[in-house]
Amino acid sequence: MLNANAIGKTFQRGRHRVVALEGIGLEFTRGQFSCILGPSGSGKSTLLHILGGFEAPTTGEVTLDDSPVVKPSRRLGMVFQQASLFPWRNIERNVAWPIEANGGSRKEACRTARELLGLVGLNGFERAYPAELSGGMRQRAAIARTLAMGPDVLLMDEPFGALDAQTRELMQEELSRIWQESQLTVVFVTHDISEAVFLGDRVVLLSARPGRVAHDIPIALDRPRNAETKKSKDLLDHHNELWDLLRVEIDAANAGAA
Amino acid sequence: MTATAGTAPAMSRRSWRDIADKRPWVLPVAVVLVVAGAWELAGFLGLLPDYILRPTTIVGDIVSLLVDGTLHPLVLESLRRALLGFAIGSAVGFVLGLLTGVSPWFGDIVDGPVAASYPIPKVALFPAIAVILGFDDRTRVIVIALACFYPVYLNAQSGTRGIERDFVWLGRNNEASWLCQFRSIVVPAALPKAIVGLRLSLALSFVMMFATEVIGFGTGLGSAIFRARLEGDYHLMWAGVVVIGAIGFIADQLLRVIGARLTKGQALEGHRG
């Protein structure tokens with residue numbers, strides 16, 4: 001279980017102190033899909049970086065199964081907004097890299113990589129270079145590469161944010177299917193309300209800066225979720241409810257800026 | 001020439017473009033052949049002074065000098081020097097360039113001396129090193145290596161500057177060892193730029209080879225060319241010049257092809273829309 005205990009983060013911007021996060025307390029239970037939603041500048045990505053051990057919180061601490069997270073680890077696998085595949089390796093060897101880096105043999109790594117590429121629907125593209133794939137396919141490969149680390153938790157930083165609208169819809173359905181099969185704990189940062197509702201068991205809404213947990217809303221849509229789920233009235237109701245709550249935060253952010 | 005291009009029919013321009021895209025070597029080869037042809041013709045018509053030989057004569061000379069065994073000991077001797085110096089200088093430059101690129105404090109230590117010594121013409125060091133070691137092969141190789149160090153060092157270092165943050169974080173996320181990150185992220189990421197440096201150094205190694213063979217008690221192809229000029233043996237002189245040029249060209253193409261293979265994925269990245 002991943003825990004954020006009273007996380008706070010302040011940045012020094014020249015002479016100004018900017019409070020990005022304040023008193024964030026969250027519990028991510030095993031196998032749960034949590035989405036973190038918030039207006040831009042609410043510190044969503046910063047929170048994710050802190051959860052992954054990439055940045056240190058100013059106050060509070062992150063624990064994974066009761067031991068503190070002080071640096072990145074293979075148990076907390078990160079998926080970046082850009083696929084960030086190594087352009088010099090083909091897709092199979094990109095996905096194999098985490099296993100090789102962990103001391104696995106190249107043969108074993110490539111076998112696992114091929115299995116994972118099958119899972120994310122990239123059969124037949126093993127020999128292709130990243131530059132030869134579309135944005136959606138690159139992001140699939142990036143997810144497979146993170147799965148190759150064998151993590152307990154998947155931290156996803158707006159992974160579909162750079163994709164076009166149609167590809168994004170399909171990738172959400174794909175991710176839902178992959179998560180269903182793997183039963184990983186997922187923390188998914190997004191600014192897209194529909195995406196958050198469709199994917200999440202819960203949606204954590206952050207307030208405008210300083211980012212605090214404004215709402216923590218369970219999403220009780222049936223699983224498995226698919227294209228039909230997206231048309232359901234329940235999803236629309238959740239979407240509208242969250243939009244109203246988010247609007248309050250955006251207004252607050254704008255008032256603060258003015 | 002270019003002024004007439006605008007009046008050429010669009011169709012023929014298109015087909016020229018097609019040839020240039022599919023067989024990029026056609027145009028350079030054609031230009032070389034045209035120049036050589038003009039040179040040959042001028043020689044045939046008696047328009048050239050007697051110290052400029054015709055291309056066919058030079059090729060004939062090279063063949064006969066190879067047959068009588070004059071040329072290849074000179075070539076091998078010079079080539080050994082150039083490539084040994086290149087290998088030592090560029091290997092040190094490559095490793096130091098990457099290390100100073102990824103480690104700020106190490107960069108601070110090494111960058112100063114490198115920047116200070118960079119503008120010194122390395123040939124000028126030849127007599128200085130010769131005072132210690134004598135005008136022998138070791139001195140020549142050291143001077144060639146020194147010259148080859150800088151382009152590779154500077155380019156490899158600049159190649160490390162552009163490494164994406166995500167790649168660094170990926171290494172941390174995977175708890176990869178320092179050596180693993182260096183080998184599988186830093187080296188390949190910096191390689192395209194380092195190869196630019198390697199090609200510069202390779203060309204420099206030939207320049208320095210020639211220079212160090214001419215100065216002092218000359219040996220090898222460089223000194224043979226110089227002596228041939230003094231003795232009025234223009235056949236050996238031209239043969240030497242063309243052979244140096246040809247070997248340099250082949251070596252550069254070899255390096256280019258190997259480099260292109262190693263950085264294939266990155267080259268594709270550049271073509272992405």
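The figures here come from the full heavy-atom set of this structure, side chains too, leaving out hydrogens, waters and symmetry mates. Chain identifiers are assigned alphabetically (A, B, ...) following the order of the sequence lines, protein sequences preceding nucleic acid strands; residue numbering begins at 1 within each chain.
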**Asked** Any cation-pi pair here, Arg89(A) with Phe86(A), using under 6.0 Å and within 45°?
**Response**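 So Arg89(A) doesn't make the cation-pi contact.
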**Request:** May I ask you to establish whether Lys122(B) and Phe149(B) are in a cation-pi arrangement, using a distance under 6.0 Å from NZ or CZ to the six-membered ring centre and at most 45° from the ring axis?
**Result:**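 Verdict for Phe149(B): no cation-pi partner in Lys122(B).
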**Asked** Which answer fits Ile185(B), side chain, backbone, both or neither, if we ask what part of it has an atom under 4.5 Å from a heavy atom of chain A?
**Response**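 Both parts, backbone and side chain.
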**Request:** Measure distances from Ser184(B) to the heavy atoms of chain A and classify the residue's part below 4.5 Å as side chain, backbone, both or neither.
**Result:**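 Contact with chain A involves both backbone and side-chain atoms of Ser184(B).
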**Request:** Could you tell me if the ring centre of Phe167(B) sits under 6.0 Å from that of Trp97(A)?
**Result:**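 Centroid distance Phe167(B)-Trp97(A): not below 6.0 Å, so no.
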I need the residue from [options] with the largest number of non-hydrogen atom pairs under 4.5 Å to chain B.
{"options": "Phe80(A), Phe54(A), Tyr129(A)", "value": "Phe54(A)"}
{"options": "Ala101(A), Pro98(A), Ser73(A)", "value": "Ser73(A)"}
{"options": "Arg75(A), Lys71(A), His49(A)", "value": "His49(A)"}
{"options": "Gly103(A), Gly77(A), Pro72(A)", "value": "Pro72(A)"}

**Message:** Regarding Glu92(A) and Arg127(A), does a basic nitrogen lie under 4.0 Å from an acidic carboxylate oxygen?
**Reply:**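 So Glu92(A) pairs with Arg127(A) through a salt bridge.
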**Message:** With a 4.0 Å cut-off on N to O distance, would you call Lys44(A) and Asp157(A) a salt bridge?
**Reply:**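 Result for this pair is no, no salt bridge flagged.
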**Asked** With a 3.5 Å cut-off and no angle check, do the side chains of Thr190(A) and Glu158(A) form a donor-acceptor pair?
**Response**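 Looking only at side-chain atoms, Glu158(A) and Thr190(A) do not form any donor-acceptor pair under 3.5 Å.
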**Request:** Could you check which of Leu191(B), Leu170(B), Leu262(B) has the highest count of heavy-atom pairs closer than 4.5 Å to chain A?
**Result:**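 Going by pairs under 4.5 Å, I would pick Leu170(B).
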